[in-house]
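Okay, structure first, notes after.
These figures come from a predicted structure and were not determined experimentally. Lettering of chains follows the sequences in order, A, B, ..., and the numbering in each one begins at 1.
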Amino acid sequence: MIVMPDIYDKIMELARRRGFVWPTSECYGSVAGFIDYGPLGAMMKRKIEDIWRYFYVIQDGYYEIECPTIGEESIYIASGHVKGFADKMIQCPHCGEFHRADHVAEAEGIENAEIISAEELTTALQNIPCPICSETFDGAEVYFFNLMFQTNIGPGSQRMGYLRPETAQGIFTDFNRLLRFYRDKLPFGTVQIGKSYRNEISPRQGMIRLREFTQAEAEIFIHPEHKDHPAFTRYADRKVPLYSISNQENRKDATEMTMADGVSSGTIANEYVAYYIAQTHDFMLTCGISPDKVRFRQHLPDERAHYATDCWDAEIFSERFGWVETVGIADRTDYDLRAHAKQSGEPFTVFLQYEETKRVRETKVVAKMGALGPKYRNRAKAVADALAESSPADNGAEIELDGEKILVPPEFYEVKDVETEINGEYIMPHVIEPSYGIDRIIYAVLEHSFDEEMVEDETRKVLRFPPKVAPVQVAVLPLMARDGLDDIARDIRSKLQDEGILTEYDDSGAIGRRYRRQDEIGTPFAVTVDYDSKEDNTITIRDRDSMKQIRYDIDRLPALISDLIKGRSLFEEYL
RNA sequence: GCACCGAUGGUCUAGUGGUAUGACUUUGGCCUUCCAAGCCAAUAGCCCGGGUUCAAUUCCCGGUCGGUGCACCA
């Protein structure tokens, strides 16, 4: 891996100076793991989120919801975060080193180290030597370090709350409402973009490991037996670099493969997973990620969560951090819904009607409650239930009640031959979950867009953002701030504003300096008003990447700029 | 969380037991007819707390933030 140790510093220096990303609350000394997005960063983030919305909300039709960032304890008991998101830690009383208690125990041959309680682990470790200093852990206690931020809800602090460690749970907990919203049909999807929180032990790496970060997650609920994506043809022929389990095991680099081949060869579990791999690839390139710096790495069987059938991470290559996981795409089966169903007692199932009603003949044992009630009293209901499950003989039905075998005589029940109609079945959907780390994507876009080139012995710093991502879309510059050029420029600016285009007006200093300023913040186009503009009602449009200019009619400018930003036409076509 | 290293205008930096160098940027003015030109001026800084000292940005201790290694990363 070629490491350029200064590229991160260069990017972050620019990002700080020009208002993309700042350390948070600097006047009080900042806090590791938290950042502020400055004016340009916040705008750029919004644009990237909007591109994401284009793919998931507009293209796929999955509506967005917004849930609280604080959730009450039950949610995270169900999701497994209260238990599973905590590590059992122990600190050596002699050298002060922190260890994962279960790892130390396992290495010393203690069985079930991962599942035994903290108390048991404490006892087990008392005479075990610290792997660092070899003194024993005598007197040290195993404690839980949970990566969730904890809080109390209300003044009585009776109700425990947690800051959500992922946005997904809000979608799962709203499942029954969402199901109604989508009129009781599968498949359907719901997305959420928002902040999540993890109390990282050591959040270094700037924007890569944050304690508060933005996720964009989609939860797509599908029939467990129908994992073919209805719009699969959209991406069937798209080639994506796949770093599959076998590539990893055979130490081969990622190989390009179409999604159709990925699914038919069995590399990718199903069309849904493949569709979102391809869609993620599409999204990344749209945001300005370099095509040669993305790959999709399949989770190895031992790192995959036990409930997931297939899981792929989109990884982006960073000069500074190497391959960084930015998106996870998993088939989570019915794990989450099942967990919430168990915790809440709600069904979390979909009733799917059969095309044709099925008729089933069966024999039913129906209790005669009039007779049963007086005899069995408060046990009558239990007896009736047990009878329904029993297979009566001529002399009566033998049932078991509280471990006691009872023979219920025939006069207490009736055996009926009934035909029932079955109109459908309840099924618990499976969930496909693409989960995006927006902040990491923003960093990667900055890194991949950043460029330096020498122009007449000066270093030109440019952010080569796609026009859709650039926080400022057009700079309007009068060549001179006089002779009426400034008036024409202001007029052009307001016409562009009417089109909803974000412009910056700048009349200070030499024109070259102004171009450089815009280059540094990635503004794709600059409109310059010169003396010819007064004569023939034209201006020049300067392209950031090529620094080439064209003359264009002022009246038709807003429409052209709009097309250029949306990617409907390319600057080169007008040269 | 541990160990080591670092922290000087917005940015990059020089330097010091007696309040700080230079460049770039920014702002105003002059000049300027398309890629950081020039001139004049202005704004702006020693990470925070404690200690030693007549005096601390400088030395010491603690903290914060950043970098590196360890640990951690559902």
Side-chain angles (χ1 to χ4, degrees), chain A residues 5-6 8-10 12-19 22-35 38 76 79-92 95-101 103-104 114 130-133 145-148 165-166 168 196 198-206 208-211 303-308 320 324-325 328 453-462 475 477-483 485 508-520 526-534 539-544 546-549 551:
Chain A
D6 54 351
Y8 174 82
D9 296 327
K10 282 182 183 178
M12 294 313 283
E13 187 270 311
L14 189 153
R16 266 199 306 279
R17 192 159 42 80
R18 302 313 302 262
W22 292 324
T24 193
S25 61
E26 261 185 305
C27 66
Y28 293 111
S30 308
V31 191
F34 295 92
I35 55 164
Y76 299 107
S79 70
H81 286 96
V82 168
K83 268 206 172 132
F85 206 50
D87 293 329
K88 290 181 203 124
M89 304 286 291
I90 191 164
Q91 186 180 21
C92 172
C95 68
E97 194 69 45
F98 286 83
H99 303 274
R100 281 280 298 269
H103 289 184
V104 175
E114 268 185 50
C130 166
I132 302 296
C133 69
F145 182 77
N146 193 299
L147 262 40
M148 285 192 293
E166 57 176 25
S196 294
R198 296 176 190 187
N199 200 359
E200 298 286 353
I201 297 169
S202 180
R204 297 198 200 152
Q205 308 169 313
I208 304 294
R209 280 273 290 296
L210 293 170
R211 287 184 167 131
E303 69 179 305
R304 196 167 58 208
H306 64 274
Y307 48 80
R320 175 61 168 247
V324 178
E325 171 197 341
E453 60 179 8
M454 293 306 286
V455 179
E456 289 167 24
D457 292 333
E458 297 267 5
T459 307
R460 184 171 88 110
K461 291 184 182 180
V462 200
L477 318 169
L479 193 59
M480 295 293 142
R482 61 174 190 227
D483 302 328
L485 299 188
S508 93
I511 190 72
R513 177 187 296 273
R514 285 181 267 163
Y515 287 145
R516 290 294 180 276
R517 262 186 216 133
Q518 297 301 329
D519 289 340
E520 227 180 29
V527 169
T528 309
V529 179
D530 58 20
Y531 285 90
D532 290 348
S533 306
K534 292 172 75 172
I539 40 68
T540 63
I541 304 171
R542 177 222 188 227
D543 172 55
R544 174 198 64 207
S546 63
M547 296 197 284
K548 287 182 179 159
Q549 287 177 288
R551 283 211 83 83

The side chain of [X] lies closest to which of these nucleotides: [options]?
X      : options                : answer
A/A32  : B/rG10, B/rU33, B/rG66 : B/rG66
A/R513 : B/rU33, B/rC65, B/rU26 : B/rU26
A/R482 : B/rG67, B/rC35, B/rU33 : B/rU33
A/E520 : B/rA36, B/rC65, B/rU32 : B/rA36
A/D530 : B/rU33, B/rU25, B/rC34 : B/rC34
A/Q549 : B/rA36, B/rC35, B/rU32 : B/rC35
A/L479 : B/rC35, B/rU32, B/rC34 : B/rC34
A/R209 : B/rA36, B/rC73, B/rC65 : B/rC73
A/Y515 : B/rU11, B/rU33, B/rC34 : B/rC34
A/S30  : B/rG67, B/rC65, B/rU26 : B/rC65

Next on the checklist: Assuming nearest nucleotide by heavy-atom distance, tell me which of A/E458 and A/R17 is located more 5' along RNA chain B.
Outcome noted: A/R17
Checklist outcome for this item: Whichever of A/V31 and A/Y531 has the more 5' nearest nucleotide on RNA chain B, that residue is A/Y531
Item to check | Separation of atom CD in A/E26 from atom C1' in B/rG10, rounded to whole Å | outcome: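 In whole Å, B/rG10 C1' lies 10 Å from A/E26 CD.
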Item to check | Between P of B/rA36 and CD of A/E456, the distance in whole Å | outcome: 6 Å
Checklist entry - Any donor-acceptor pair under 3.5 Å joining the side chain of A/R542 to the base of B/rC35? => result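 Pair found.
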Next on the checklist: Whether A/R17 and A/E520 form a salt bridge (side-chain N of Lys/Arg under 4.0 Å from carboxylate O of Asp/Glu) is what I want to check.
Outcome noted: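 Yes, A/E520 and A/R17 are salt-bridged.
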Checklist entry - With both distances kept under 3.5 Å, what pairs with B/rC70, Watson-Crick or G-U wobble? => result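 Partner of B/rC70: B/rG1.
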Checklist entry - Is atom NZ of A/K548 surrounded by more than 12 heavy atoms (other residues, nucleotides or ligands) closer than 6.0 Å? => result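 No, NZ of A/K548 has 12 or fewer neighbouring heavy atoms, counting only those of other groups under 6.0 Å.
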